[in-house]
A.B. asks: 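Dropping the structure in here first, questions after.
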Amino acid sequence: MQLGGIIGKSAGIRAVPSLRYAQDTPPFTEHFHEDDGDDSEDLGPTGGFMWDGRAASTQEQAALPLLSPFEMANASRAAVLASLRTSRSANVFRAAFGAHIFDDS
């Protein structure tokens, strides 16, 4: 287990599944019905990203640990951006994503 949080001593609260299934993940719904012609059988909640479906996209899923108090514990998106802008990786990000990558949080 990798510890995180503001001082690096908090245990996370979820297991991280593989993203190999991501392209086939439907949006979250509380009432899922198979496309087999029998709409009477409610298979319950399905879809979305994260264990509870709260992320609607892989981009949203990737952002959640950045702000989680149990993981990276950043106070805001602006704090993530400020930290990254001054990190050793900043020039790598600029090379990969363009000179203006840090202009909009």
Side-chain angles (χ1 to χ4, degrees):
M1 168 176 36
Q2 183 172 347
L3 298 176
I6 194 84
I7 59 172
K9 295 187 184 259
S10 299
I13 56 174
R14 62 187 154 79
V16 181
S18 168
L19 289 177
R20 290 184 288 173
Y21 70 90
Q23 67 187 15
D24 300 321
T25 302
F28 177 78
T29 181
E30 288 187 26
H31 305 285
F32 180 72
H33 300 275
E34 291 280 359
D35 293 334
D36 61 1
D38 179 9
D39 291 343
S40 66
E41 186 176 2
D42 184 347
L43 299 175
T46 194
F49 296 92
M50 307 300 278
W51 69 272
D52 58 0
R54 71 182 176 270
S57 68
T58 53
Q59 292 84 358
E60 190 177 326
Q61 180 184 20
L64 288 171
L66 297 171
L67 303 176
S68 168
F70 300 106
E71 295 178 63
M72 295 182 180
N74 292 290
S76 65
R77 287 178 180 257
V80 173
L81 185 63
S83 179
L84 188 54
R85 185 184 291 124
T86 60
S87 73
R88 291 184 290 161
S89 303
N91 286 332
V92 175
F93 272 81
R94 287 184 186 98
F97 301 109
H100 300 286
I101 186 62
F102 302 120
D103 291 354
D104 182 6
S105 61

A.B. asks: How long is the span from the OG atom in Ser10 to the CE atom in Met72, to the nearest 0.5 Å?
C.D. replies: 13.5 Å
A.B. asks: Does Ser83 offer a backbone N or O that forms a donor-acceptor pair with the side chain of Thr86 under 3.5 Å?
C.D. replies: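 Side chain of Thr86 to backbone of Ser83, a donor-acceptor pair under 3.5 Å: yes, one is there.
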A.B. asks: When rounded to the nearest 0.5 angstrom, what distance separates CG in Leu66 from CG in Leu81?
C.D. replies: 11.5 Å
A.B. asks: Where is the tightest heavy-atom contact between Arg85 and Ala90, given as atom of each residue plus distance?
C.D. replies: O-CB, 3.4 Å
A.B. asks: Any sub-3.5 Å donor-acceptor pair from Ser87's side-chain atoms to Leu84's backbone N or O?
C.D. replies: yes
A.B. asks: Heavy atoms only: give me the nearest Glu60-Ala55 pair and the separation to one decimal.
C.D. replies: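 Scanning both residues completely, I find the closest heavy atoms to be OE2-CA, 3.5 Å.
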A.B. asks: Do any N or O atoms from the side chain of Ser89 and from the backbone of Val92 form a donor-acceptor pair under 3.5 angstrom?
C.D. replies: no
A.B. asks: Counting neighbours of CG on Asp103 that are heavy atoms of other residues, nucleotides or ligands and sit closer than 6.0 Å, is the number greater than 12?
C.D. replies: yes
A.B. asks: For the CZ atom of Arg94 and the CZ atom of Phe102, what is their distance to the nearest 0.5 Å?
C.D. replies: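 Atom-to-atom, Arg94:CZ and Phe102:CZ are 5.0 Å apart.
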